[in-house]
Each structure stands twice: as structure tokens, then as C-alpha cells.
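See below for the structure under consideration.
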Amino acid sequence: MAKTAKITVNPAFEIGEISDELFSSFLEPIGTMVNGTMYNPKHPTADEQGFRRDFIDALKATGIPAVRMPGGNFVSAWQWKDSIGPKSERKVHIDPAWYQYITNEVGHDEYLQWAEKVGTKPLYTVNMGTGRMQDAMDLIEYTNFEGGSYWSDLRKKNGHEKPYGVKTWYLGNEMDGPWQLGTWEKDPRSYGVMVNETSKAMKWIDASIKTGVCGSSAPFMDHFPSWDEAVLDQCYDAVDYLSVHHYHIAAPGDTAALLGGSLYYEDFINTEVAMCDFVQSKHRSPKKMMISFDEFGGMQRPFSPLNPGYGLYNMTRTHYRFDPTRPYIKHDPDNMKHFQFPGHEIVHMLSMASIQLAFLRHADRVKIGCMTGGLGALCASDHDHVWRSASHYAFMQLFEYAKGTSMQVAVDSESYDMPGYAIDDTSQYPGKEGVNYIDCASAWDKEKEQLAVFVINRSEKDEYPVEINLSGINYANCTHYALYTDDLEKASAFGNDELYLPVEDKQTVIADDLIKAHVKPLSWNVFVVKK
């Protein structure tokens, strides 16, 4: 029988305030995310701009706090000025990042107006690949300036009288990556200088904004974290966030490695925080740099063949590939299929939620988290319909209960070891020993006098008895919500979108100053404690 897992939360041990934007999403025009899901003028619910109303209404109902847009790799060559004004006069460009046509039917104004309809805050990414400082200044003048200048008056002429008021701006996307158009991989100092000047100029136009500078695109980069340090050393006083990305990958069927991936995120966060604090000390600055994980994900895919002697960890060499046979794609919004990440639906949900719990455990420094695929997690869709998947329900419970202050948790549970593995020549994970089967984070909402304890059971076969010790918290009752399945093959779809609706576990009790419960294998659990 599985050993009882013990969780302790003490009100004296706070981590930090939880940002409203910690559980946000990411949008980029890849595949059908824009052309088909967001925009399809032929859809029965399409509004006057061609946006799918069913998708807008479903997202609006979730209260999604923020969406990073409009990219992504694509933005490093996007010319926003060619995407505004009458659609008949907009220019069609090719996007070498994703080998696709950018028709600009959905342009700068449409992205921001779609965000207004959804009721979410846009987190905007600026082209710092082929674009430069003047272009960024024109962009914020067009977007946020009240009026009386060329660009702000042009916005009014194009139909949006009031400024959009975008508050968060990322100055580039993955600018350390050799795959990035206009990469600054070989010259971090110059990128840092450019960001310093660009951020200053943008804030002189709108002093209310915050800006983010690119750090490493992955912990596998040859230059991590020295590249980040060189950049930040040039712009520390001018920016507010260090923007980092990571995608954790495990082999199909290796659920233990997939759900243990949050440990690598914590390693990444700890390294970046230490680097930021080192630069802070060099600058003798009172400001703490915050972290924005504005792209992240966990997924399963087959590993690529390894090439011994090729040069492990050499991210650059693998991206000098030129294929003359590769065609450019024009995405048809009226010809889309439902995309689902490989593997079981609930396992994918748990992999993403475990990363979000890692962010919650570092809420003092990680202030933004934009899930890649987060829009689809909140609102699954196909050509005709939208529905709620397993990920929707976990996401919604984080929206509702992960508020206020992140609390330290101590977990004592059975554990397992993860052997190290290599995804390909450039991406290698060291082994981890003593990975707890029980993954946990906690949030204390002082206004509501409510504590939430989030628990994932990583075990594929064992149900665990759990005891939660809340010494010092005068609780009156506890509600235990559980999300699990006895059949991993089950998949949600239109018409059965309550398949993974969390259920209240009535067997959970309070006794001897402990909350006593059982958590099913591969389950998501939320314990809501009220004073």
C-alpha cells in the first residue's frame, strides 16, 4: 500500500504576491490558431470583423487575464505598418520563420480589438529582429498616444478613437536563438544597448508601460546564462522583466519524465534569478528584476537521432539548414481540424498544470506565465464548435483559487528517480533523484480568508493517502475537488465537454487537526479551506 503523503502549510512562511498575469496565454499565427480558430469570416458565428464569436464568448466567460500577442518567431520579421488601414490596401508578406504567407487580414488593430472583445489584456511583442527603435516608437505612439500626432491620428482614422492602452511590451522574441530572424545571438551587448535605448524612448512616449528584454530561449543554449547577463548588464535600469521560454519534452509514454519536468523549470528559474540579482548588485540598483515565462509547455514527442561527435549543446549548427523543396503555406481558415497534443488528454493537462504550480512556488519573482496552447486549453475547438477539455477545468481553478499570496509547502511523499535523457543533439536533461510523487503548491487569499492547496499525483498506478497539516490556520471547513479518469483513452469533444468536470470528494475529512484525503493516480486536486 502507498505510504501516506504529508503536506504542511504554515501561515508564517509566505513566498510572495501572486500576479494577476501569472496564468495567461500565448497567441501566434501558426497553423489554425489565428486563421480558423480566432478568425474565420465564413463561420456561422463570425462577427463583422470575421472573428468567431463562439470562441470569443467562451474565452470571455473564463476571465482570462492576459494574452501575449501577436508572436512568437513570426514577429521578428512582421511589418506592423503593412497590417493597418483598409484590408484591400494591406501587403501580403512571406514569413520565413514558419514558411507561411502572412495575409495581414488579421493585423495590428485586429489583434488588439479581438483582445478587447475577449476582455483580456494584450502583452505585445515588438519586432526587434528586422525592426528597430524608430519602428517601436511609432508603434507605441499609434497604439497608446492620445492624439495630435501623425501615428495617433492615423489610429483614429483607422477607426479606434481611444488609445488601446497596452501596458506590457516585449522587446523582441527569442533574440538569442540562431533560428530567429535578425538574431542577436553573437552580439548580446549590442542587443542590450538597443533595448536600453528603445525602452527609454517608449517610456518617454508612455510612462505607464512596462517592458521586457529577452533572456535565454531555453536552458540548453550554449551561452546560457552568460548571454542573458551580457544583455541585462546594458539595460537593467530601463526594463522591468526578463523574458524567458522553455518547452519540456519527454518520450511518448514516459509519463514520469513528463510530469517531473517542472523540476527543470525550477532549475531554470533559480539560475535566472541568481543572474538577475548578480546584475542588480553590479548596478547597485534597488530594483528587483522580475521574470516573465511568456512561452512554455510540456509535451511528448519521439526523440531525434543523436549524432555522436556532432557537437552536443551546439544550438547554432543545427539551425543552418536550407531546404529548397520546402513550400510556403497559405492557411485557409475554412479548412481546419482540431489539434490535440500527442498523448492522453489528462496527462497533457497535468504536465502543463505542474509547470504552473512551479511558477506559483516562485510567485515572488515569476510574474507572468503565458502558456503556449493556453487558448486551446481554455477553449478547445474544431472547424465548427468549441468545448471544454480537461485543461479548461484545471486552468479555471487556478484562476479562481490561486489568488493573494503564494505559500511555502513542505511535502513528504514517496518518490522516484528520473534517468537523464537527450531529446536531440542540442537538448539534454540531467537525471533527477527523489522526485516526489505528490506535487503541490498553495495560495492564501487574505481578503476571502481562504487557503487553496493544489495537489498533483504523478503516479500512474498508486492512489495516495494524503494528510494536510495547516497548523496555525483556524479553518472551519475544507472542500476537496478532484479531476481524474479511470480510462486514459477518454477524450473530450463537443457534446461531452463535462467529461472532466471536477467532482467534490465527500470522503475527505478534518480530524486531529489534519485534512485527510485520498488522491487518485494521475489526478489534479484542489483543497479549498475557509476560516
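Residue numbers run from 1 in the order of the sequence given.
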request  = Carefully, step by step, assess Tyr484 and Glu463 under the rule side chain to side chain contact (heavy atoms under 4.5 Å, CB included).
outcome  = CA-CA 11 Å; Tyr484 63 92; Glu463 176 179 305; over 6 Å; no
message = Applying ring pair (Phe, Tyr, Trp, His ring centres under 6.0 Å) to Tyr416 and Tyr437, what does each step give before you reach the verdict?
response = CA-CA 7 Å; Tyr416 63 96; Tyr437 277 112; 4.8 Å; yes
query = Thr143 and Tyr124: side-chain hydrogen bond (donor to acceptor under 3.5 Å, both in side chains), yes or no, with the steps?
reply = CA-CA 11 Å; Thr143 307; Tyr124 203 95; over 6 Å; no
task = Using the side chain to side chain contact (heavy atoms under 4.5 Å, CB included) rule, take Asn173 and His245 through it: C-alpha gap first, then chi angles, then the decisive distance, then the call.
result = CA-CA 9 Å; Asn173 175 79; His245 299 169; 3.3 Å; yes
Full working for ring pair (Phe, Tyr, Trp, His ring centres under 6.0 Å) between Phe296 and Phe359 = CA-CA 11 Å; Phe296 72 88; Phe359 295 165; 4.9 Å; yes
message = Ser523 vs Asn457, test: side-chain hydrogen bond (donor to acceptor under 3.5 Å, both in side chains). Steps then yes/no.
response = CA-CA 5 Å; Ser523 63; Asn457 183 358; 4.8 Å; no
ask   = Given the rule in the side chain to side chain contact (heavy atoms under 4.5 Å, CB included) test, do Leu242 and Val213 qualify, once you have shown the distances and angles that lead to the verdict?
value = CA-CA 5 Å; Leu242 181 72; Val213 61; 4.1 Å; yes
query = Passes side-chain hydrogen bond (donor to acceptor under 3.5 Å, both in side chains), Asp228 versus His223? Steps please.
reply = CA-CA 8 Å; Asp228 310 46; His223 49 244; 5.7 Å; no
ask   = Can you check side-chain hydrogen bond (donor to acceptor under 3.5 Å, both in side chains) on Gln180 and Ser76, steps first, answer last?
value = CA-CA 7 Å; Gln180 199 69 207; Ser76 284; 2.6 Å; yes
inquiry  = Checking Ser216 against Glu272 for the side chain to side chain contact (heavy atoms under 4.5 Å, CB included) test, could you report, in this order, the C-alpha distance in whole Å, the side-chain angles of both residues, the deciding distance, and whether it holds?
reply    = CA-CA 9 Å; Ser216 283; Glu272 291 288 40; 4.3 Å; yes
ask   = After noting the C-alpha distance and the side-chain angles of Phe527 and His480, does the key distance pass the ring pair (Phe, Tyr, Trp, His ring centres under 6.0 Å) rule?
value = CA-CA 5 Å; Phe527 298 87; His480 173 194; 4.1 Å; yes
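Across all non-hydrogen atoms, the minimal contact from Pro430 to Tyr264 is O-OH, 2.6 Å. For the residue pair Trp184 and Met128, the shortest heavy atom distance occurs at NE1-O, 3.1 Å. Of all heavy-atom pairs spanning Gly177 and Met221, the tightest one is CA-CE, 4.2 Å. The minimum heavy-atom distance linking Val239 with Thr211 is given by the pair CA-OG1, 3.5 Å. Residues Ala443 and Ala402 approach most closely at CB-CA, 3.8 Å, considering heavy atoms.
With Ser19 contributing its side chain and Lys367 its backbone, the two residues share a donor-acceptor pair below 3.5 Å. Without hydrogens or angle criteria, Trp524 side chain to Leu350 main chain gives no donor-acceptor distance under 3.5 Å. The main-chain N or O of Tyr170 is never found under 3.5 Å from a side-chain atom of Thr125 such that the two would form a donor-acceptor pair. Under a 3.5 Å cut-off, the side chain of Asp445 and the backbone N or O of Gln450 do not form any donor-acceptor pair. Using modelled atom types, no side-chain atom of Asp412 and backbone atom of Lys6 make a donor-acceptor pair closer than 3.5 Å. The main-chain N or O of Tyr464 is never found under 3.5 Å from a side-chain atom of Asp462 such that the two would form a donor-acceptor pair. A donor-acceptor distance shorter than 3.5 angstrom exists from the side chain of Thr183 to the backbone of Met175, with no hydrogens or angles considered. Within the 3.5 Å criterion, the main-chain N or O of Val195 finds no donor-acceptor partner in the side chain of Ser199. Side-chain atoms of Asp424 come within 3.5 Å of backbone N or O of Ser427 as a donor-acceptor pair. A donor-acceptor pair under 3.5 Å is formed between the side chain of His248 and the backbone N or O of Ala257.
The shortest distance between side-chain heavy atoms of Ile269 and Val273 falls below 4.5 Å. Side-chain contact between His362 and Ile291 is absent, with no heavy atoms from C-beta onward closer than 4.5 Å. Side chains of Thr168 and Ile368 form a contact here, defined as non-hydrogen atoms less than 4.5 Å apart. Within the 4.5 Å cutoff, the side chain of Glu414 has no heavy atoms near those of the Ile438 side chain. Residues Gln408 and Glu14 are not in side-chain contact: their nearest non-hydrogen atoms beyond the backbone lie 4.5 Å or more apart. Using a 4.5 Å heavy-atom cutoff, the side chains of Ile423 and Arg301 are in contact. A heavy-atom distance below 4.5 Å is found between the side chains of Ser442 and Leu451. Using a 4.5 Å heavy-atom threshold, the side chains of Ile346 and Leu483 count as touching.
Met352 contributes atom CE, which lies 9.5 Å from atom CG of Leu258 (distance to the nearest 0.5 angstrom). Here OG of Ser406 is found 5.5 Å from CD1 of Ile18. Values are rounded to the nearest 0.5 Å.
Side chain to side chain, Asn469 and Thr8 fail the donor-acceptor criterion of an N or O pair below 3.5 Å.
Under the ring-ring contact (aromatic ring centres under 6.0 Å, His included) test applied with Phe268, the options Tyr247, Phe224, Tyr429 reduce to a single match, Phe224. Here the options are Ser262, Ser351, Ser354, the test is side-chain hydrogen bond (donor to acceptor under 3.5 Å, both in side chains), and the partner is Arg458; only Ser262 passes.
With sequence neighbours excluded, the residues forming a salt bridge (charged side-chain N to carboxylate O under 4.0 Å, His left out) with Lys203 are Asp240, listed by chain and number. Partners of Glu295 under the salt bridge (charged side-chain N to carboxylate O under 4.0 Å, His left out) rule, at least two apart in sequence or in another chain, are Arg68.
Between Asp277 and Lys288, at least one side-chain nitrogen of the basic residue sits less than 4.0 Å from a carboxylate oxygen of the acidic one, meeting the salt-bridge criterion.
Cation-pi geometry between Lys287 and Tyr236 is satisfied (NZ or CZ under 6.0 Å from the ring centre, within 45° of the ring normal).
Residue pairs meeting the salt bridge (Lys or Arg N to Asp or Glu O under 4.0 Å) criterion with at least one partner in residues 261-271, sequence neighbours excluded, are Glu266-Arg361, Asp267-Lys432.
Other residues, nucleotides and ligands place more than 12 heavy atoms under 6.0 Å from the CG atom of Asn270. Within 6.0 Å of the CZ atom in Arg189, the count of heavy atoms belonging to other residues, nucleotides or ligands does not exceed 12. Heavy-atom contacts from other residues, nucleotides or ligands closer than 6.0 Å to NZ of Lys167 number more than 12.
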